[in-house]
Number of protein chains: 2
Amino acid sequence: MAAATRSPSHAQDHILAERKRREKLSQRFIALSSIVPGLKKMDKASVLGDAIKYVKHLQEKIKQLEEQTKKRTVESVVLVKRYHLPADDDSNSSSNDDDDSKSNVEKAGCCSDSTLPEIEARASERDVMIRIHCEKQPGVLAKVLTEVESLHLSIVNSSVMPFGNSTLDITIVAQVTN
Amino acid sequence: MAAATRSPSHAQDHILAERKRREKLSQRFIALSSIVPGLKKMDKASVLGDAIKYVKHLQEKIKQLEEQTKKRTVESVVLVKRYHLPADDDSNSSSNDDDDSKSNVEKAGCCSDSTLPEIEARASERDVMIRIHCEKQPGVLAKVLTEVESLHLSIVNSSVMPFGNSTLDITIVAQVTN
DNA sequence: TCGAACACGTGAAAC
DNA sequence: TGTTTCACGTGTTCG
């Protein structure tokens, strides 16, 4: 009951240990206050409080930035996922098979990153613009135009440009039909 | 020298105040530990340490995200800043004024955000593609083509599409000249 | 003279 | 069994 910590020698150990612990905490406080910008009060409570606010602020900012970058890609890619160009069911698609053996190699080589096709769509009133950057394939334009026209859209203008050796850039402007 | 805290009644005030201060600190510690994810140890030193690491991590992440989003716009806009399309020195720019009174209203309404013109450029080998989404102005295409040709680029293909009432979408493919 | 903030030594609880 | 961590009361300093 009376004396819990008996040996007087180990008592100083306790003091020393506690001293070390406090010093470690102080260092952490200093370190924390050094990375939190705009700190006015340097007392512990304020450091903790401002650090909490700061962390919440950073988390919010990250969430915004991530949503922002997400949207920029999703807006452009969502159509690709839904109508990923229907596979060749046409029997006459083989008409161009022997056309150019070299192009097959380049198809696999160039722009091999799976980011293609890139599809971008934007709308203004009744006008819709669709821009597609895809691999050069026979019949793509017809397929795309058919797809577009089947979506209550009437083609107003279209353009296909070869770019590089193996890619096409298709730009289409259409109007929503009533 | 001997006794600093004299009055025994106010001594309890001191105790109470210190008690309150400690409680406030404890609350802050709990609050901080609650917003730092993946905390294993809940002791004060660890909370502070992990909070420091977490803050640094967030700061780094934000820096990356901001650079990432910066680049996506800078890549597209840098040309606009350097060669911001020369102002209209043409006197016949008013030729379309009486064309359609309704379109003026829509001009102000649609796409009024000052993000135009949008310029996107990409390169593949010697090919360069330039896409410009800008306001409809007489002579823009010629100006742009002249600008492009003055940059060691020879025009391979170009296309202009009206989109909406007041904007144009210009797509140009050019090749680097030796 | 208050009030706030801090570091210290100490006893106890947790593992 | 130690080692670690905590909360407490206290003395002291600063504005």
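Everything numeric here is computed off the predicted structure, so don't read it as measured data. Order of the sequence lines sets the chain letters (A, B, ...), proteins ahead of strands, with each chain counted from 1. Heavy atoms only: backbone and side chains are in, while hydrogens, waters and symmetry mates are out.
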Peer 1: Would you tabulate the nitrogen or oxygen pairs shorter than 3.5 Å linking the protein to nucleotides 5-7 of chain C?
Peer 2:
residue: dC6(C); atom: OP1; partner: K44(A); partner atom: N; Å: 2.8
residue: dC6(C); atom: OP2; partner: R21(B); partner atom: NH2; Å: 3.3
residue: dC6(C); atom: N4; partner: E18(B); partner atom: OE1; Å: 3.1
residue: dA7(C); atom: OP2; partner: K44(A); partner atom: NZ; Å: 2.8

Peer 1: Rounded to whole Å, how long is the line connecting atom CD of E23(A) with atom P of dT5(D)?
Peer 2: 14 Å

Peer 1: Do any N or O atoms of the protein come closer than 3.5 Å to N or O atoms of nucleotides 13-15 of chain D, and which pairs are they?
Peer 2:
none

Peer 1: What is the distance from CD1 of I30(B) to P of dC6(D), rounded to the nearest Å?
Peer 2: 12 Å

Peer 1: Start with the C-alpha gap between D127(A) and V156(A), add the side-chain angles, then the distance that decides, and say whether side chain to side chain contact (heavy atoms under 4.5 Å, CB included) holds.
Peer 2: CA-CA 9 Å; D127(A) 281 4; V156(A) 172; 5.5 Å; no

Peer 1: Check R22(B) with E18(B), please: is the shortest side-chain N to carboxylate O separation under 4.0 Å?
Peer 2: yes

Peer 1: Can you hop from L48(B) to V47(A) via hydrophobic side chains spaced under 4.5 Å?
Peer 2: yes

Peer 1: List the atom of S158(B), the atom of L145(B), and the distance in Å for their closest heavy-atom pair.
Peer 2: CB-CD2, 4.3 Å

Peer 1: Flag the pair K136(A) / F163(A) as yes when at least one side-chain heavy-atom distance between them is below 4.5 Å, and no otherwise.
Peer 2: no

Peer 1: With nearest nucleotides of DNA chain D determined for A17(A) and I15(B) from heavy-atom distances, which residue corresponds to the more 5′ nucleotide?
Peer 2: A17(A)

Peer 1: My understanding is that only residues two or more places apart in sequence, or in another chain, count here; which of them pass salt bridge (Lys or Arg N to Asp or Glu O under 4.0 Å) with D50(B)?
Peer 2: none

Peer 1: Between protein and nucleic acid, restricted to nucleotides 13-15 of chain C and to nitrogen or oxygen atoms under 3.5 Å apart, what atom pairs and distances do you find?
Peer 2:
none

Peer 1: Quick one: R28(B) CZ to dA7(D) P, roughly how many Å, whole number?
Peer 2: 16 Å

Peer 1: Determine yes or no for a side-chain-to-main-chain donor-acceptor pair under 3.5 angstrom, with T177(A) supplying the side chain and H152(A) the backbone.
Peer 2: yes

Peer 1: Please state whether the phosphate of dG9(C), meaning OP1 or OP2, lies under 4.0 angstrom from any side-chain nitrogen or oxygen of R19(A).
Peer 2: yes

Peer 1: Taking NZ from K20(A) and P from dC8(C), how many angstroms apart are they, rounded to a whole number?
Peer 2: 15 Å

Peer 1: Hey, are the side chains of I172(A) and M129(A) touching, using non-hydrogen atoms and a 4.5 Å cut-off?
Peer 2: no

Peer 1: Do I52(B) and I52(A) share a hydrophobic cluster, counting only Ile, Leu, Val, Met, Phe, Trp and Tyr and linking them when any side-chain heavy atoms are less than 4.5 Å apart?
Peer 2: yes

Peer 1: To check you understand the geometry: which heavy-atom pair defines the closest contact between V148(A) and A174(A), and what is its length?
Peer 2: CG1-CB, 4.3 Å

Peer 1: So that I can tick it off, tell me whether K61(A) and E66(A) are bridged by a salt bridge, with the cut-off set at under 4.0 angstrom between side-chain N and carboxylate O.
Peer 2: no

Peer 1: Once you round it to whole Å, what is the distance between C1' of dT1(C) and CG of D13(B)?
Peer 2: 13 Å

Peer 1: Looking at side-chain heavy atoms only, is the closest gap between L141(B) and I170(B) below 4.5 Å?
Peer 2: yes

Peer 1: Measure CZ/F29(B) against C1'/dC6(D) and give the value in whole Å, please.
Peer 2: 11 Å

Peer 1: Show me the side-chain donor-acceptor pairs of residues 32-42 of chain A shorter than 3.5 Å, one per line, residues at least two apart or across chains.
Peer 2:
residue: S33(A); atom: OG; partner: F29(A); partner atom: O; Å: 3.2
residue: S33(A); atom: OG; partner: I30(A); partner atom: O; Å: 2.7
residue: S34(A); atom: OG; partner: A31(A); partner atom: O; Å: 2.5

Peer 1: Can you check whether K44(A) reaches R28(B) side chain to side chain, under 4.5 Å on heavy atoms?
Peer 2: no

Peer 1: Rounded to whole Å, how long is the line connecting atom CG of L16(A) with atom P of dT10(C)?
Peer 2: 13 Å

Peer 1: Can you give me the dot-bracket string for DNA chain C, 5' to 3', counting Watson-Crick and G-U wobble pairs with both distances under 3.5 Å, using [ ] for crossing pairs and | for partners on another strand?
Peer 2: .|.||||||||||||

